[in-house]
Amino acid sequence: MSNLIRLFEPDVVYAVVQTTVDRTFSFAPNHDPAHPLLARGCPPEALDPESPIVPIPSVINVVGAAAARALELSPINLHALELSSTHQHEEASAKDGDITGLPEFWRNFHSKVARDLNRLRDREGHLYAGPTRVTPCANDDKAFQQLIYALTNPVKDGLVDRARRSPFFSTYRAQALGETLRFFDIEWERYWEAGGPFNRRLHPKQFMVWRTLEITPLPHLADMPAHRRQTLIRKAVEEVEEETAEQLRREGRTFCPVSRHFETDPRGRPSTPRVSGRKPLIHASTRAERDAYRDKVRDVMKMYIPASVAFRSGCFNVDFPPGTFRPPLRRPIAFSDSS
C-alpha cells in the first residue's frame with residue numbers, strides 16, 4: 001500500500017536510502033588522502049585558477065558538488081548525506097513548508113551524480129537501482145536515530161572503525177567537528193554552449209565554480225548552540241563505534257583496512273550481496289504511531305486513486321490530496337503497418 005504513493009508533509013523528516021545497480025562498488029574512493037577533492041594522479045595545483053591543468057574530481061567532490069548544486073536549484077533542509085561503496089543515506093525535510101523541493105532535489109542530485117560519475121569512471125548506463133526509498137520519521141527521537149544510523153553506516157558495516165576515518169563521502173566532520181564543506185564544479189553545459197573546444201579563447205576552468213554544501217540541523221536541534229550540538233552528535237557516534245567494535249570482537253572479526261577501499265574495483269560487487277528488506281512504512285517508536293500513520297495513508301489513498309484515474313483519463317484539472325503528486329502520463333504509440 002505505502003509503495004503506491006509518496007505522501008510528503010511539511011514538518012516531517014524523511015530518511016532516504018538509495019543503492020547502486022547490482023550493488024556495484026560505484027562509490028569506491030579514488031582520491032589521494034592528502035587531497036580528497038582530486039582524483040589520484042591529478043596534481044594539487046590543478047585547483048589553482050592560474051594553472052592550465054583541468055582538475056579531475058574525486059568521487060567525494062562529485063557527490064558534494066552535485067548536492068550543493070541541487071540545493072541551489074531546489075532548496076530543502078538536508079540533514080545528512082552519507083555514502084559507502086554501494087549505497088547512500090540521506091535525511092531531509094521540506095524548507096519553509098515547500099514539499100515540492102524534496103522530489104526536485106533528489107531528481108537534480110541523483111541525475112548529476114550519475115552523469116558526472118559516469119564521465120569520471122568512463123562508463124554509461126544507470127547508476128542507481130530502482131526508486132529512492134523514502135521513509136518518514138514519526139518523531140524527533142527517530143529522526144536523530146536515523147541521523148546517527150546514517151553517520152555510522154560504514155562503521156556498522158565493518159568498512160571503517162571510526163566515522164571520521166571514512167574514505168567515502170560523509171558529512172560527519174561538518175556535523176561533529178564544525179568543518180565547512182566546499183566543492184568545485186566545472187559547468188560543462190555552459191562550456192559547450194559557449195563553443196567548447198571549438199572556441200580557442202575558452203578554457204574549461206573559466207567555468208569552474210566553488211559551492212558550499214549546507215547541512216541543516218534537525219528541527220529539534222536547530223536552536224541548540226553549535227558546539228553543544230556537535231558534542232551531542234560526536235558522543236552518539238562514538239557510542240555506536242564502541243558497540244560495533246565490541247560486537248566484531250565477540251564474533252572474531254575485524255574492520256576492513258581503509259587502504260583496501262582504494263584498491264576496490266568500482267565495477268565489482270560483493271560476493272554475497274545484501275538483499276534489501278521491505279521498506280518500513282514509517283520509522284516509529286510505538287505501534288500506535290505506526291497504526292496512526294497507516295490509517296492516514298489509507299485515507300489519502302481513498303482520495304488519490306479516483307483522482308489518479310480521472311487524471312489519466314484526461315481530466316487534467318482534478319485536485320489531488322495535499323502532499324501527493326500527479327502520476328506520470330503514459331501515452332500509447334500507434335505503429336502503422338508499412339507492409
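We number each residue from 1, following the sequence as shown.
The number of heavy-atom neighbours closer than 6.0 Å to CD1 of I148, taken from other residues, nucleotides and ligands shown, is above 12. Remark: E124 CD is loosely packed, at most 12 non-hydrogen atoms of other residues, nucleotides or ligands lying under 6.0 Å away. Summarising the local packing, CG of D223 is surrounded by 12 or fewer heavy atoms from other residues, nucleotides or ligands at distances under 6.0 Å. Counting heavy atoms of neighbouring residues, nucleotides and ligands inside a 6.0 Å radius, atom CG of D11 does not exceed 12 of them.
Counting heavy atoms from C-beta outward, W192 and P197 have side chains that approach closer than 4.5 Å. Side chains of I53 and E45 form a contact here, defined as non-hydrogen atoms less than 4.5 Å apart. At least one side-chain heavy atom of L127 sits less than 4.5 Å from a side-chain heavy atom of L117. Counting heavy atoms from C-beta outward, P136 and Y293 have side chains that approach closer than 4.5 Å. Considering only heavy atoms from C-beta on, R269 stays 4.5 Å or farther from T20 through its side chain. Taking 4.5 Å as the limit, every side-chain heavy atom of H89 sits out of range of all side-chain heavy atoms of L83. P57 is not listed as a side-chain neighbour of L38, based on a closest heavy-atom distance of 4.5 Å or more. Put simply, the side chain of N139 reaches to within 4.5 Å of the side chain of E289, judged on heavy atoms.
Put simply, the side chain of R133 never gets that close to the backbone of V16: no donor and acceptor are under 3.5 Å apart. At least one donor-acceptor pair closer than 3.5 Å links the side chain of K279 to the backbone N or O of V134. Judged by distance alone, the side chain of D141 and the main-chain N or O of S285 form no donor-acceptor pair under 3.5 Å. Remark: the backbone N or O of K142 is not paired with any side-chain donor or acceptor of H283 at under 3.5 angstrom. A donor-acceptor pair is defined here as one N or O able to donate and one able to accept, closer than 3.5 Å; no such pair exists between the side chain of S51 and the backbone of D48. Remark: the backbone N or O of L181 is not paired with any side-chain donor or acceptor of E214 at under 3.5 angstrom. Although no hydrogens or angles enter the test, the distance criterion places no donor-acceptor pair under 3.5 Å between the side chain of R173 and the main chain of A163. In this structure, the side chain of S170 engages the main chain of Y172 through a donor-acceptor pair within 3.5 Å. Between the side chain of R23 and the backbone N or O of T86, no donor-acceptor pair lies under 3.5 Å. With hydrogens and angles ignored, the 3.5 Å screen pairs a side-chain donor or acceptor of R123 with a backbone N or O of H126.
Contact record, N199 with A194: ND2-O, 3.4 Å, taken as the closest heavy-atom pair. Residues A222 and P217 approach most closely at CA-CB, 4.1 Å, considering heavy atoms. Taking both residues in full, the closest heavy atoms of I76 and L102 are given as CG2-N, 3.8 Å, listed atom of the first, atom of the second, then distance. Looking at every heavy atom in both residues, L221 comes nearest to R229 through O-NH1, 3.1 Å. The two residues L147 and H79 come nearest to each other via the heavy atoms CD1-O, 3.7 Å. Of all heavy-atom pairs spanning G125 and N118, the tightest one is O-ND2, 3.0 Å.
Hydrophobic clustering, with ILVMFWY side chains joined whenever heavy atoms are under 4.5 angstrom apart, keeps L281 apart from V12. Placement of V17 and Y14 in two distinct hydrophobic clusters is found when ILVMFWY residues are connected by side-chain heavy-atom separations under 4.5 Å, directly or transitively. Follow the hydrophobic side-chain contacts under 4.5 Å out from W188 and you reach V62 in the same cluster. Hydrophobic clustering of Ile, Leu, Val, Met, Phe, Trp and Tyr side chains at less than 4.5 Å, counting indirect connections, keeps M303 apart from F325. Under the 4.5 Å side-chain heavy-atom criterion for grouping Ile, Leu, Val, Met, Phe, Trp and Tyr, L73 is not connected to F184 through any hydrophobic cluster.
Of the N and O atoms on the side chains of D22 and T24, not one donor lies less than 3.5 Å from an acceptor on the other residue. Using modelled atom types and a 3.5 Å distance limit, the side chains of E90 and H110 yield a donor-acceptor pair. Between the side chains of Q206 and Y191, no donor-acceptor pair of N or O atoms lies under 3.5 Å. Residues S74 and N108 bring a donor and an acceptor atom of their side chains to less than 3.5 Å of each other. Remark: the T231 side chain and the R234 side chain contain an N/O donor-acceptor pair separated by less than 3.5 Å.
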Sequence neighbours left out, cut at 3.5 Å: what donor-acceptor pairs do the side chains of residues 309-321 make with other protein atoms?
{"unit_1": "S313", "atom_1": "OG", "unit_2": "V309", "atom_2": "O", "d": "2.7"}

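From T135, atom OG1 reaches atom CD of Q146 across 8.0 Å, with rounding to the nearest 0.5 Å. If you take CD on E243 and CD on E239, they are separated by 5.0 Å, rounding to the nearest 0.5 Å. The OG atom of S26 sits 11.0 Å away from atom CG of L120, with the distance rounded to the nearest 0.5 Å. To the nearest 0.5 angstrom, N77 atom CG is 4.0 Å from S93 atom OG. Between L218 atom CG and H220 atom NE2 the span is 5.5 Å, to the nearest 0.5 Å. With rounding to the nearest 0.5 angstrom, the CG atom of D116 is 8.5 Å from the CZ atom of R69.
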Step by step, would you call D161 with R165 a side chain to side chain contact (heavy atoms under 4.5 Å, CB included)? CA-CA 7 Å; D161 61 343; R165 296 176 186 165; 2.7 Å; yes
Quick one, E82 with T171, criterion side chain to side chain donor-acceptor pair (under 3.5 Å). Give me CA distance, side-chain angles, the key distance, then yes/no. CA-CA 7 Å; E82 311 301 313; T171 64; 2.4 Å; yes
Let me see the working for F183 and F169 under ring pair (Phe, Tyr, Trp, His ring centres under 6.0 Å), right down to the final yes or no. CA-CA 12 Å; F183 308 94; F169 182 93; 5.8 Å; yes
Passes side chain to side chain contact (heavy atoms under 4.5 Å, CB included), L202 versus F207? Steps please. CA-CA 9 Å; L202 292 181; F207 301 88; 4.0 Å; yes
Would C137 and E91 count as a side chain to side chain contact (heavy atoms under 4.5 Å, CB included) here? Give the steps. CA-CA 10 Å; C137 298; E91 198 169 22; 4.1 Å; yes
Show your reasoning for whether side chain to side chain contact (heavy atoms under 4.5 Å, CB included) applies to N153 and H87. CA-CA 10 Å; N153 188 253; H87 62 284; 2.8 Å; yes
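Salt-bridge check for D185 with R211: passed, with a basic side-chain N closer than 4.0 Å to an acidic carboxylate O. Salt bridge status for E246 with R249: present, with a side-chain N to carboxylate O gap under 4.0 Å. Salt-bridge formation is not detected for the pair D299/K296: no Lys NZ or Arg NE/NH1/NH2 atom is positioned less than 4.0 Å from an Asp or Glu carboxylate oxygen.
Using bins of under 30°, 30° to 60° and over 60° for the plane-to-plane angle, the ring pair Y128/F27 lands in the tilted bin.
For an aromatic pair to be called close, the ring centres must be under 6.0 Å apart, and F109 with W106 fails this. Checked against a 6.0 Å centroid threshold, the rings of F168 and H261 count as neighbours.
Alongside F255, the hydrophobic cluster contains V155, V160, L248, V258, F262 (criterion: ILVMFWY side chains under 4.5 Å).
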